[in-house]
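Residues: numbered from 1 along the sequence shown.
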Amino acid sequence: MRKWLILVCFLGIYNMLLAQWDNDPASASTRVVTNAANQSKPYVIPDGLGGTIVVWEDYRHGTSPDIYFDLIDSDGNTAWSVPGTYAGKKLCSTTKPRSINRVLSDGDGGFFIVFDEINGAYYDVLAQKVSNTGVVLWGANGVVVCNAANDQYEADLAPDGLGGIFVTWLDLRNDPSNSDASQTYAQRILNNGTAAWTANGVQVNANVSKPMGIVADNIGGAIIAMMDARNSAVNGNGAYTNWDIYAQRLNSSGALQWGTGTVVCNQTSNQFRETIRPGGSMVSDNVGGAIISWSDYRNDANNGLSFPYRADFYAQRVNNSGVVQWAANGVSICNTTGADLYNTLTVPDGNGGILAAWFDLRNAPLGAVYVQRLNSNGIIQYASNGIAVVSGQSHIINYSLSEDGVGNGIIAYDTDNDRIFGYRFLVATGLPVSGGAVAICNRSSISVNPGVAADANGDIYIAWEDYRNTPAESDVYAYKLPSSALLPLRLLSFGGQVTSSNTHRLQWQYTGAEEVRRFELRHSNNGRDFTTLTSINNTQRDGMLQYVVAQPVANAYYQLAWQNAQGLWQYSAIVQLQQQQPAGMRIYPNPVQQQLQLSLLATNAAVATICIRGANGQLLLQEKRSLLQGRQVLSVDVATLPAGQYFAEIWLQQQRTVLPFTKQ
């Protein structure tokens, strides 16, 4: 018996020694679960002690998902399941089809979850609270939030501040067809797991509606946002033609406070919720109100009902009394002419406003993830229509957005070639913290659908679906990116040109590279699958480097990567070189807040003089830049200029070009 005990203890210690956080993107082997069948849709909730809880959907019991969870502690060990098994811990004691609707921290190292569960032929909504030791607190199978007739699903939750939660959901109890005529209901679950309001919930909206989110009002109640069809007709295809956005507040007793609801947006057109993660359409404004965002089709000739689609992105703030605080029918986050956008998402910016992200096809066929910030007054803080932070992707990539509590925004995303990257930017400016993306999982296997969150120290946790072990079945892996593991390098420019001898010449200029030991230039013939073209050692803090590709493909993509002494990789945007170079000179973004980009074409190697002048012609800034033959993009810092009208004067090869721009 003693020998077996010693062996078990040894195996436990051995497994713990193996299971450390692995921050090498080439291996990225911090396993969360590698059980048989698929594990998917991971959510991360930092525990506040250097680790993170991961919650996921799991298909080990059949063709329908169940829900599992585990804690990956500060050392990278799975802490709540059998050590070394990577199996996770089951949320409910019974086995039924269950899907995650929303997961949030309970503020004490545990979490709340709302989920739908199939009972018989219909979906019900249930909730559970899990402690900071991994113990389920609201019964072995959770508590029933609603099991009325027909289906209830798409639930969202908000902590009530007293150890319980507010829940809202889409409800079909009053629709005989159990299909289209949904309504919005809500319930409060107390700290002990009992329902505080009417059994099966309070009806929030008597019209056909769909919930968009819920936040606490800071005085014991909650605010709920909804798509509302009260002003809509139904077309021949059975689709509503004029969804509006409304909001309602319930007090601590579940009584409606704003009559039949407050109008958030009733523009004559469709306004839709469209989020890639539940809760992404509504956040608290920190003073008892809410900020609500939506996809808006007021500028779409087809009203969002048929292809081609043309969505804009709008937001509105509602105070605790139900009065809208910004422009009637909302403030535009993005309304780029002719561009469609998808997967809109918002999170708090840490200062009473919002960070917004979306996938944008303004430069189709390649798309990009853009970001924007609105302050508490509804004023945009970055360039008009946003800043591209993840570009050169040809499909709608999966991504998650978070704010790290120390002034940075974070995006985790998967690429066209199914790799996981992280991108950190300054909330104040939208500019990258360290010049580019950080490789999280760069293996040749498929890695997709990342979830991201950060703790109070600014450490980032990312979990994703990973197919490295079995191509037909996904597992869940995780990564911890410490706040200190970022490179200070700032990439001033990266560009190239096709020369007269049919070679490709790449050039990049940088500053702050004291920790960067080498650069890699990577290339691709499709913009997705990149391989290393050359490796160049770096010995200087500031400089300019170049490389000539003697025998390039006719239509090539290039990306620059750089690495520090610890092996951490970061990446530039993708540059595409074609045999024909476009002519002309342009500046962007315009209006600009921080960095003005100058795209110009030099017919030979030359020196460009860049002057920034005020509206009265006064010279405010002057720089000289060395150029190679061909097109390149230069970055000029205008952050210190006051808001107003300016001119960029460019002298290149004895030619003078003057381009006006606006500084915000």
Side-chain angles (χ1 to χ4, degrees), residues 272 274-277 280 293-297 299-300 302 304 307-314 332-346 355-373 382-401 409-425 430 432 436-440 446-450 452 464 494-495 522-530 555-560 571-578 582 586 588-589 597 599 633:
F272 294 149
E274 186 190 2
T275 60
I276 56 176
R277 289 264 174 176
S293 62
W294 63 91
S295 294
D296 195 297
Y297 291 86
N299 294 314
D300 180 9
N302 298 318
F307 185 84
Y309 303 104
R310 196 279 203 212
D312 295 329
F313 191 10
Y314 276 74
S332 172
I333 296 173
C334 179
N335 61 355
T336 303
T337 303
D340 197 13
L341 55 89
Y342 304 87
N343 291 351
T344 59
L345 189 61
T346 58
L355 287 176
W358 65 97
F359 190 84
D360 193 304
L361 289 171
R362 70 184 71 176
N363 295 313
L366 294 181
V369 174
Y370 280 72
V371 294
Q372 182 59 272
R373 180 189 179 198
Y382 305 159
S384 177
N385 289 321
I387 298 174
V389 295
V390 179
S391 59
Q393 307 298 324
S394 61
H395 77 288
I396 302 174
I397 57 178
N398 302 301
Y399 70 93
S400 293
L401 174 69
I410 308 149
I411 291 178
Y413 62 96
D414 61 53
T415 63
D416 285 348
N417 59 347
D418 300 317
R419 310 292 193 267
I420 304 295
F421 287 82
Y423 187 96
R424 182 181 284 185
F425 60 95
V438 177
I440 302 301
I446 295 174
S447 306
V448 295
N449 199 24
V452 64
W464 64 90
F494 174 57
R522 302 178 176 185
H523 65 155
S524 168
N525 61 5
N526 58 15
R528 297 186 300 275
D529 303 313
F530 284 84
N555 187 24
Y557 298 83
Y558 297 96
Q559 186 175 48
L560 189 67
Y571 299 84
S572 73
I574 295 170
V575 169
Q576 182 183 14
L577 290 186
Q578 299 173 321
R586 67 187 183 96
Y588 63 93
Q597 309 296 323
S599 176
V633 177

Of the non-hydrogen atoms in [X] and [Y], which two are nearest, and what is the gap between them?
{"X": "L355", "Y": "G409", "answer": "CD1-CA, 4.1 Å"}
{"X": "D300", "Y": "Y309", "answer": "OD2-CA, 4.0 Å"}
{"X": "D360", "Y": "C334", "answer": "OD2-SG, 3.7 Å"}
{"X": "L401", "Y": "A356", "answer": "CD2-C, 4.3 Å"}
{"X": "A357", "Y": "V369", "answer": "CB-CG1, 4.4 Å"}
{"X": "S447", "Y": "D414", "answer": "O-CB, 3.7 Å"}

| request: Please find out if less than 6.0 Å separates the ring center of Y423 from that of Y413. | output: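 Centroid separation for Y423 and Y413: 6.0 Å or greater.
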What's the spacing between [X] [atom1] and [Y] [atom2] if we round to 0.5 Å?
{"X": "N343", "Y": "W358", "atom1": "CG", "atom2": "CH2", "answer": "13.0 Å"}
{"X": "L341", "Y": "T336", "atom1": "CG", "atom2": "OG1", "answer": "8.0 Å"}
{"X": "R522", "Y": "S524", "atom1": "CZ", "atom2": "OG", "answer": "12.0 Å"}
{"X": "T415", "Y": "N398", "atom1": "OG1", "atom2": "CG", "answer": "10.5 Å"}
{"X": "F313", "Y": "S295", "atom1": "CZ", "atom2": "OG", "answer": "6.5 Å"}

| field | R362 to Y370, cation-pi by 6.0 Å centre distance and 45° axis angle | value |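 The answer is yes; both the distance and angle limits are met.
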| message | Go through it in stages, so that I can follow the logic: the residues are N385 and N335, the test is side-chain contact (heavy atoms from CB on, under 4.5 Å), and I'd like the CA-CA distance, side-chain angles, deciding distance and then a yes or no. | response | CA-CA 7 Å; N385 289 321; N335 61 355; 3.2 Å; yes
| said: Test of understanding: with side chain to side chain donor-acceptor pair (under 3.5 Å), list the residues that count as partners of N302, not counting sequence neighbours. | reply: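 So N302 forms no side chain to side chain donor-acceptor pair (under 3.5 Å) with any residue.
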